[in-house]
Number of protein chains: 2
Amino acid sequence: MDQAKGPRKGRTIGKTNDVNADLIAVVVAVNDAGPCVLTIEQGAALPSGPFELAHRSLQSGLRAWVELQTGQPLGYIEQLYTFADRDRVGANQRVISISYLALTREEDAGASGRRSWASWYDYFPWEDHRSGRPPIVLEELRPRLIEWADGADDGATRFDRRRRAAVAFALDGRAWNEELALQRYELLYEAALVEEAKRGGVLAILASVPGRSMIADHRRILATAIARLRSKIKYRPVVFELMPPLFTLLQLQRTVEALSGRLINKPNFRRLIEQQELVEKTGATTAETGGRPAQLYRFHHTILDERPVAGTKLPIARA
Amino acid sequence: MDQAKGPRKGRTIGKTNDVNADLIAVVVAVNDAGPCVLTIEQGAALPSGPFELAHRSLQSGLRAWVELQTGQPLGYIEQLYTFADRDRVGANQRVISISYLALTREEDAGASGRRSWASWYDYFPWEDHRSGRPPIVLEELRPRLIEWADGADDGATRFDRRRRAAVAFALDGRAWNEELALQRYELLYEAALVEEAKRGGVLAILASVPGRSMIADHRRILATAIARLRSKIKYRPVVFELMPPLFTLLQLQRTVEALSGRLINKPNFRRLIEQQELVEKTGATTAETGGRPAQLYRFHHTILDERPVAGTKLPIARA
DNA sequence: ACGCCTTATAATCAGGTAGACTATAACTGG
DNA sequence: CCAGTTATAGTCTACCTGATTATAAGGCGT
């Protein structure tokens with residue numbers, strides 16, 4: 001039966017190398033409360049489901065599962081990563097997970113039962129530096145990471161662990177790098193400081209650190225999505241996928257700040273956005289901002305086609 | 001049998017959603033002749049094979065297939081893209097392709113029969129702008145792209161096609177963007193100007209354009225790899241994976257130029273490399289360069305760990 | 001030996017950009 | 001009408017980037 005379809009060059013004669021392919025979605029939106037991810041199971045899982053014969057493509061399969069499980073239609077989609085799950089190997093079958101990042105607006109939502117929006121920072125409380133470095137880093141993470149580093153057998157490993165922890169979490173006077181979200185999660189996993197590490201057979205000697213966990217490796221996938229998005233907003237104008245049709249420059253800035261987890265210098269942000277000609281004034285203003293009424297802008301769509309390189313460089317405050 | 005393994009949440013009751021997963025490798029090296037890709041079948045295919053139960057991970061499966069088919073051991077690997085092949089759908093089975101980019105040095109090669117190194121630019125002759133814009137762009141591509149654009153039914157589509165062609169191939173005074181390698185191939189495919197388009201059921205009215213083709217969608221995967229690599233060398237120091245242990249700054253520059261397909265200003269390149277502290281002098285020199293003997297450098301490995309952000313920005317000459 | 005060619009290496013200069021900061025305008029709410 | 005809040009414009013400086021020129025050190029042919 002395996003040999004029935006097309007030129008497989010005979011490489012799999014006599015074997016079945018069937019796998020099951022799972023599609024997993026990280027659906028991101030930003031509201032006043034900050035950056036959110038679409039979840040099911042009361043925030044414990046990302047929308048997902050197997051790739052089926054009925055699906056025209058991977059992306060359409062993903063859209064189908066997300067819409068079925070959450071009622072959320074998806075717009076912008078990009079692939080994140082594909083990995084084979086070592087822990088879910090059957091007798092003659094393995095599972096491959098193909099993860100995607102989707103950007104949407106929360107108001108697109110049609111009401112649906114099982115879904116809920118959860119803040120990124122419920123899962124990664126150490127990632128939000130908008131009000132300066134969160135206390136959890138120095139109070140909780142640093143001592144436990146040092147404990148983990150010093151638990152290594154040889155001096156070289158101890159040194160290396162300390163260095164990696166310092167780079168990832170901006171210790172010892174280093175600068176915070178918001179794009180290292182995935183490295184940070186993986187470091188905490190390696191140090192058995194997140195709940196998921198215990199499930200993986202690691203006997204966690206150290207207690208878990210604050211931050212909500214998810215089933216399987218869903219939190220790891222979310223960390224991948226955050227890192228990718230934080231990197232991408234700097235060279236591609238993807239932020240606008242998260243904005244309503246009309247918005248003020250401060251709303252745009254707040255969205256970028258929510259994603260990157262750090263504050264941006266206001267005049268510089270405005271200058272950059274305006275000189276890049278990514279937006280255009282509509283002439284309308286809104287008085288709902290509290291102070292002087294703000295101009296309402298809209299995304300300049302044509303620019304997307306003309307300058308495929310152009311990005312939205314973010315002037316992020318240094319210290 | 002499908003239900004036997006672990007919590008599948010009953011989503012696939014009564015169905016088999018098995019797929020076959022293929023691993024495909026774009027193995028890149030650079031020699032004096034330029035950037036090369038490792039091929040089998042006399043340059044008609046990339047190394048590939050199905051993901052099997054015996055493989056510990058996707059990456060190790062890929063390494064196994066490449067080494068078996070070409071004798072080439074792989075060092076640096078990164079995932080490119082995963083896609084479901086619409087054209088290879090069986091009764092109860094589909095094929096998923098997971099493509100990877102690998103960087104290596106050609107001298108790593110152990111001799112092996114079926115393999116051969118082929119220049120990128122045999123497959124994409126329009127991509128090499130090191131000696132200025134290649135004649136093929138204006139002589140072959142432009143007239144056929146215009147013909148294709150004007151063949152559209154409505155004026156809006158005609159305008160859009162012309163704009164896309166101009167952006168991708170730097171027509172009408174636009175600047176060449178080497179990172180658009182994939183868009184260019186896809187545009188030529190859409191215009192039925194590459195041989196592969198005919199196989200896809202498209203009745204090619206227009207004749208094919210110069211440039212060697214490959215089986216299935218292997219040339220498309222190669223284009224993806226080129227675009228990814230051309231983008232990545234600008235923000236991550238991956239070039240060094242392609243360099244011998246000791247090299248001169250000009251050799252490094254020539255390698256970057258080979259990949260990006262365009263020339264770099266020499267003093268600026270040196271300044272950038274040196275101030276980034278990505279390399280260190282060995283003290284040794286080589287006289288094999290023809291003129292004054294050049295310093296031999298080596299890659300400064302420790303920098304990789306310390307500055308995960310740092311890249312190798314390329315000062316690429318504008319006009 | 002000499003000059004010429006080739007490449008290596010250092011130094012300089014101008015324009016642009018990014019970051020930080022200051023100043024002024026326009027509205028709301030007490 | 002004043003205080004608070006936000007919007008918007010402008011400035012100043014350090015650094016980066018692209019471009020160019022100058023000098024050094026080898027090989028090679030005559």
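What you see below is based on every heavy atom in this structure, not just the backbone, and it leaves out hydrogens, waters and symmetry mates. Keep in mind it's a predicted model, so treat the numbers as computed, not measured. Each chain gets a letter, A, B and so on, in the order the sequences are listed, and its residues count up from 1.
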Atom NZ of B:Lys266 and atom P of D:dT21 are separated, to the nearest Å, by 16 Å
For B:Leu263 and D:dT20, what is the distance between atoms CG and C1' respectively, to the nearest whole Å? 17 Å
Can you check the A:Leu272 CG to C:dT17 P distance for me, whole Å? 10 Å
Cut-off 3.5 Å, side chains only: do B:Gln251 and B:Tyr297 have a donor facing an acceptor? no
Toward the 5' end of DNA chain D, which comes first, A:Leu249 or B:Pro267, by nearest nucleotide? A:Leu249
Grab the CD-P distance between B:Gln251 and C:dA8 for me, whole Å please. 9 Å
Between B:Arg228 and B:Leu80, the two heavy atoms sitting closest are NH2-O, 3.0 Å
The single option from A:Leu103, A:Thr104, A:Leu242 passing side-chain contact (heavy atoms from CB on, under 4.5 Å) against A:Tyr76: A:Leu103
To the nearest angstrom, the CG-P distance between A:Asn265 and D:dT11 comes to 17 Å
When the distance from CZ of B:Phe269 to C1' of C:dA8 is rounded to whole Å, what number comes out? 14 Å
Atom pair distance, as rounded to whole Å: CD1 in B:Ile264 and P in D:dT17: 13 Å
Counting side-chain heavy atoms from C-beta on, which of C:dA8, D:dG26, D:dA7 comes nearest to B:Pro293? D:dG26
Decide yes or no on salt bridge (charged side-chain N to carboxylate O under 4.0 Å, His left out) for A:Glu78 and A:Arg236, but give the supporting numbers first. CA-CA 13 Å; A:Glu78 83 176 57; A:Arg236 279 291 170 86; over 6 Å; no
Would you say C:dA18 has OP1 or OP2 under 4.0 Å from some side-chain N or O of A:Gln275? yes
Check if the side chain of A:Arg271 and the base of C:dG19 share a donor-acceptor pair of N or O atoms closer than 3.5 Å. yes
Do any side-chain nitrogens or oxygens of A:Arg292 fall under 4.0 Å of OP1 or OP2 in C:dA25? no
Quick one: CH2 on B:Trp176 to CD on B:Glu127, what's the gap to the nearest 0.5 Å? 4.5 Å
Checking C:dA18, C:dA20, D:dA19 against the side chain of A:Asn268 (C-beta onward), the nearest is C:dA20
Whole-Å distance between D:dG18 P and B:Arg270 CZ? 17 Å
